[in-house]
Amino acid sequence: MLDVGWEFLSLDKLGNSSSFIKIKGSESMEYEVSSDFDGFLGKSTQDNVIISGEHFSLLNDEEEISKLKETILCYFDKVVIIVYLRRQDKLALSFKQQAAKCSVPKLMLSSCLCGHSASALPELTDDLKKYLDFESKIKIWCNIFGKESVSLRLFEKNNLIDGDICSDFPRIINLPYSLESIRVNEGVSRLYSLCSHLLINLDYPSVIVDKVRSKINRDSCKVMPSKKEAQEFYSVFENKNHTLFDWFGLEQSFDGSFEDYPDESNYKFTEEEFNSILGIISTLSYKADYLTEKEIDIVRDSALLLEKVDLKKANSLMLIANRFRPHGGFIREKIEYYKSLLK
């Protein structure tokens, strides 16, 4: 880009600068721009600079957005904000799938926003509603930067130039060529996702989550809500979207089709799948010299989940729990009970 007077400033090799947005709240999810952003802008060498970061869309506080504007205007005379909007049900589904890549809760922003419930779409908490309320958020950005500085684009193939964001974006800023399209954020398989959310919800240690996920059979199937669930989720935001698009004078609107979704959801384990996960847990070796009280509870509870499925594996896990908690009365009683049944 330098040959045509543009510079792409990026915090990482993937072109993403989202890490400049930090969580600052404890009770609720509030966000701020890192103080490092100022120095980052100071490294620019061109008059025309591109910065890309999905997490800038998390900012919805007037004070923080005003600070962002002040910082940028220390280095540049003009700011253009190009926003690519994805329909809320599809965005939430993608975020929930990203959260499944965690090994511990709240390691990623997707985990913080979407949680790890046993569902395809996340629970619509106040924080998530606020994030997905495009109308309220974008109007705040327009108030700070000016409506004329904000450009809305719909992240849908039919609404993008040549059906690709890598053709669409360069055309908007008048680059004389398209950008190479590379997929770097692939989703996770259905069983991988279900397993992740289950184990994280049960407070399994990250080492166990990682080991179990490494042993499951992955397929090409993705976790999906039913068509009805997706429609109900989107209906919360549909009217506000239309209000926003009318306010901007957009002739486009989100595709109203939900045909990509199945009639029935697929986010529940089959009995065979659930038993296979428990079976993998029971075969893991616990070679550590020490387990925390919480980890011992997890091993014990895993044995309880298994006792009606595979008594031998349940016994093996309870013996491990006993090794780390030799004076646990309940654990010892269970071992004696298992022993009597296994005779």
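Being a predicted model, the structure only gives us computed values, none of them experimental. Nothing fancy with the numbering, it's 1 onward along the sequence. Just so it is clear, the values below take in all heavy atoms, side chains as well, and ignore hydrogens, waters and symmetry mates.
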Geometric class of the Phe95/Tyr131 ring pair [parallel <30°, tilted 30-60°, perpendicular >60°]: parallel
Crowding at CD, Glu264 (>12 non-hydrogen neighbours, <6.0 Å): no
Exceeds 12 heavy-atom contacts within 6.0 angstrom, atom CD of Glu123: no
Distance-only side-chain donor-acceptor flag, Ser196 / His116, under 3.5 Å: no
Ser193 (side chain) donor-acceptor with Arg190 (main chain) under 3.5 angstrom: no
Phe155 atom CZ, neighbour heavy-atom count above 12 within 6.0 Å: no
Any donor-acceptor pair under 3.5 Å from Ser94 side chain to Leu91 backbone: no
Test item: Leu121 and Leu93 side chains (from C-beta on) under 4.5 Å apart, heavy atoms: yes
Donor-acceptor under 3.5 Å (Trp247 side chain, Glu135 main chain): no
Ser18 side chain to His55 backbone, donor-acceptor under 3.5 Å: yes
Leu9 side, atom CG; Phe37 side, atom CZ - distance, nearest 0.5 Å: 8.5 Å
Any side-chain donor near an acceptor of the partner, Glu64 and Tyr31, under 3.5 Å: no
Cationic tip of Arg87 above Phe258 ring, under 6.0 Å, 45° of axis: yes
Salt bridge (charged side-chain N to carboxylate O under 4.0 Å, His left out) partner of Lys227, chosen from Asp260, Asp89, Asp263: Asp263
Test item: Lys240 side-chain N/O and Asp133 main-chain N/O as donor-acceptor pair under 3.5 Å: no
Gln98 side-chain N/O to Ser110 backbone N/O, donor-acceptor pair under 3.5 Å: no
Distance (rounded to the nearest 0.5 Å) between Arg171 CZ and Leu160 CG: 11.5 Å
Main-chain N/O of Ser19 paired to Lys22 side chain as donor or acceptor, under 3.5 Å: yes
Qualifying residue, where the test is side chain to side chain contact (heavy atoms under 4.5 Å, CB included) with Lys90 and the options are Tyr261, Phe254, Phe233: Tyr261
From CD1 (Ile82) to OG (Ser52), nearest 0.5 Å: 10.0 Å
Over 12 foreign heavy atoms within 6.0 Å of CZ, Arg332: no
Separation of Asp61 CG from Ile144 CD1 (nearest 0.5 Å): 9.0 Å
N/O donor-acceptor pair under 3.5 Å between Gln252 side chain and Leu154 backbone: no
Side-chain donor/acceptor of Asn143 to backbone N/O of Lys139, under 3.5 Å: yes
Backbone of Met29 reached by a side-chain donor or acceptor of Lys130 within 3.5 Å: no
Qualifying residue, where the test is side chain to side chain contact (heavy atoms under 4.5 Å, CB included) with Asn275 and the options are Glu271, Glu272, Glu273: Glu271
